[in-house]
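Below is one structure, written out as structure tokens, with a few remarks after it.
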Amino acid sequence: MNGDARLAALRDRAREWGDQFRAAAPELDRDPDAVHRYLDLPGVRHLSTYGTPREYGGRPLRVGPYAFEGTGAVEHVVVLEELARGDAGLTLAAPGPSMSGVLVDKLADPAQRAEYYTRIVGEPTWTCFALTEPGHGSDASAMETTLRPGADGRLVLSGRKRYVGNAARAQLAVVFARTGSGPLGVTAVLVDTGCAGYRAEPLDTLGLRGAQLGAVTLDDLPVEPERVLGRHLSPVRRGMWACVQVFNRLRPGVAALALGIAGAAHAYVVEQRPAARGAARDRIEELGHRIEATRSLVLRAAAEVDATGDGHLASAAKARACALAEEVTLAGCELLAPAARASHPLLDKLARDARGVEFMEGTRNIQHLNLFPGLRAGRATG
Ligand SMILES: Cc1cc2nc3c(=O)[nH]c(=O)nc-3n(C[C@H](O)[C@H](O)[C@H](O)COP(=O)(O)OP(=O)(O)OC[C@H]3O[C@@H](n4cnc5c(N)ncnc54)[C@H](O)[C@@H]3O)c2cc1C
């Protein structure tokens, strides 16, 4: 079967969904709680169960003669780019497995998976992935949140997390904590956010406001040992190792979000300046070519993740796509008018969102640090 035609069909479908996202964007940017009004959009419904295995009620997405199981990074970047072209904020605001689902797939035992996915398919369920802490973002291994044995055979989770997407909406959270020192002393647990001891407050942010980043306080939250993810695996296969695996898998998707923002800004400038001439036209064309080139890199990075799990090329793709998103949105402001950010609210929003995506799953500096060993080992030549 022709892979190009298959992905083109998927892209067309996701573009329709993205157009609907665009209509929701201004309201969600003003009021992140408005997400509840958009749960019936087909793109949101797709994200809300995306990747759920068939044995737990997941159903493939069917587009014409093609079926998409939701397991491949390539499929996912195609969908995410088009949804983010509509609105990256709503893409991140949607309920569903998102980052936490990748960790669950990697670490959860059958009982944990059954509980998790039963809730995901049962009703719109927000999840969050709580890793970052105040003062420990790029260096997640310095985390201070602890998971300690309690008096009654249960464990006790204590600490603070920050900038966690959907934290205040989430019904289920995966939370990283320390059980000991070093990379093997990190563990993730599945938390029902209705438990006493979980408190999350939304943070006011400039960009990607739909994602409603939150600050989480874990106040001696009791955790049943059965909720420790990867408890049936060796310590080497859980904790920071699993976290890195999740990031490798998701990074092309973050690159695709950035690419969608860049594409939206570019399309807007083309629409607003159809008669651009000379240097302005050359600049608009050049940015368009670079978006195409970056799309090709993002797709190759996703194919590499699907084929080998290696995330070095994905680091290059994420760094490049985020830089491009910032460049295109800011160039768009210059190309339209002095003070374009005031007179073109969509472009202003896209510029804010571009800055936000830079911080997701590692900033550009961190991607460069990650990429370097891959280049030396010849694994990031794509
Ligand atoms: C939209 C959005 C969604 C997010 N979602 C989540 C989520 O769901 N869950 C979660 O846990 N976190 C999430 N985060 C948090 C994100 O992971 C952190 O913001 C990120 O890791 C950076 O951490 P920090 O903000 O503490 O910045 P810092 O780590 O303090 O970095 C500040 C600056 O220093 C630079 N820097 C840091 N270390 C180095 C180094 N070693 N070498 C060179 N430069 C360096 C960085 O590049 C950056 O420019 C999200 C953030 C955003 C913006």
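A quick note: this is a predicted structure, and the numbers were derived from the prediction, not measured. Just follow the structure's listing: the first ligand is 1, and inside any ligand the first atom is 1. All values below come from the heavy atoms of this structure, side chains included, with hydrogens, waters and symmetry mates left out.
Under a hydrophobic-cluster definition in which Ile, Leu, Val, Met, Phe, Trp and Tyr are linked whenever side-chain heavy atoms come within less than 4.5 Å, directly or via other members, Val216 and Leu213 are assigned to different clusters.
Here His76 and Tyr50 bring their ring centres to under 6.0 angstrom of each other.
At least one heavy atom of Leu369 sits closer than 4.0 Å to an atom of ligand 1. Contact analysis puts Gly356 in contact with ligand 1, with a non-hydrogen atom separation below 4.0 angstrom.
Residue Leu206 places its CG atom among 12 or fewer non-hydrogen atoms of other residues, nucleotides or ligands, all under 6.0 Å distant. The environment of Arg178 atom CZ is dense: over 12 non-hydrogen atoms of other residues, nucleotides or ligands sit within 6.0 angstrom. The environment of CZ in Arg160 is sparse: at most 12 heavy-atom neighbours from other residues, nucleotides or ligands sit within 6.0 Å. Within 6.0 Å of atom CZ in Arg119, more than 12 heavy atoms from other residues, nucleotides or ligands are found, so the atom counts as buried in its surroundings.
Atom 48 (C) of ligand 1 has its nearest heavy-atom neighbour, among Leu92, Thr363, Ile366, in Thr363. For atom 18 (C) of ligand 1, the nearest non-hydrogen atom from the set Phe247, Phe129, Phe176, Phe359 comes from Phe359. Of the candidates Gly362, Ser138, Ser98, Ala170, it is Ser138 that places a heavy atom closest to atom 31 (O) of ligand 1. Taking all heavy atoms of Ala88, Gly137, Gly207 into account, the minimum distance to atom 23 (O) of ligand 1 is reached by Gly137. Atom 11 (O) of ligand 1 has its nearest heavy-atom neighbour, among Leu213, Thr132, Thr127, in Thr132. Taking all heavy atoms of Pro134, Ala211, Gly165 into account, the minimum distance to atom 8 (O) of ligand 1 is reached by Gly165.
Within ligand 1, counting atoms from 1 as listed, the ones closer than 4.0 Å to a heavy atom of Leu208 are 1 (C).
With hydrogens left out, the protein atom closest to atom 5 (N) of ligand 1 is Tyr163 O, 3.4 Å, a heavy atom. What sits closest to atom 2 (C) of ligand 1 on the protein, heavy atoms only, is Met360 CG, 3.4 Å. The single protein non-hydrogen atom nearest to atom 35 (C) of ligand 1 is Asn365 ND2, 3.9 Å, given as residue, atom name and distance.
Where the criterion is an N or O separation shorter than 3.5 Å, residue side chain and backbone included, Leu131 meets it with respect to ligand 1. Between Glu361 and ligand 1, a contact under 3.5 Å exists for no N or O pair.
Both the sub-6.0 Å distance and the 45° axial angle are not jointly satisfied by Arg238 relative to the ring of Trp241.
A salt bridge is defined here as a Lys NZ or Arg NE, NH1 or NH2 lying under 4.0 Å from an Asp or Glu carboxylate O, and Asp353 with Lys349 meets this definition. Residues Arg54 and Glu69 are paired through a salt bridge, judged by an N-O separation under 4.0 Å between the basic side chain and the carboxylate. Using a 4.0 Å cut-off between a side-chain N of Lys or Arg and a carboxylate O of Asp or Glu, Glu224 and Arg154 qualify as a salt bridge.
Protein heavy atoms come within 4.0 Å of atom 38 (N) of ligand 1. Contact annotation for atom 33 (C) of ligand 1: protein absent (non-hydrogen atoms, distance under 4.0 Å).
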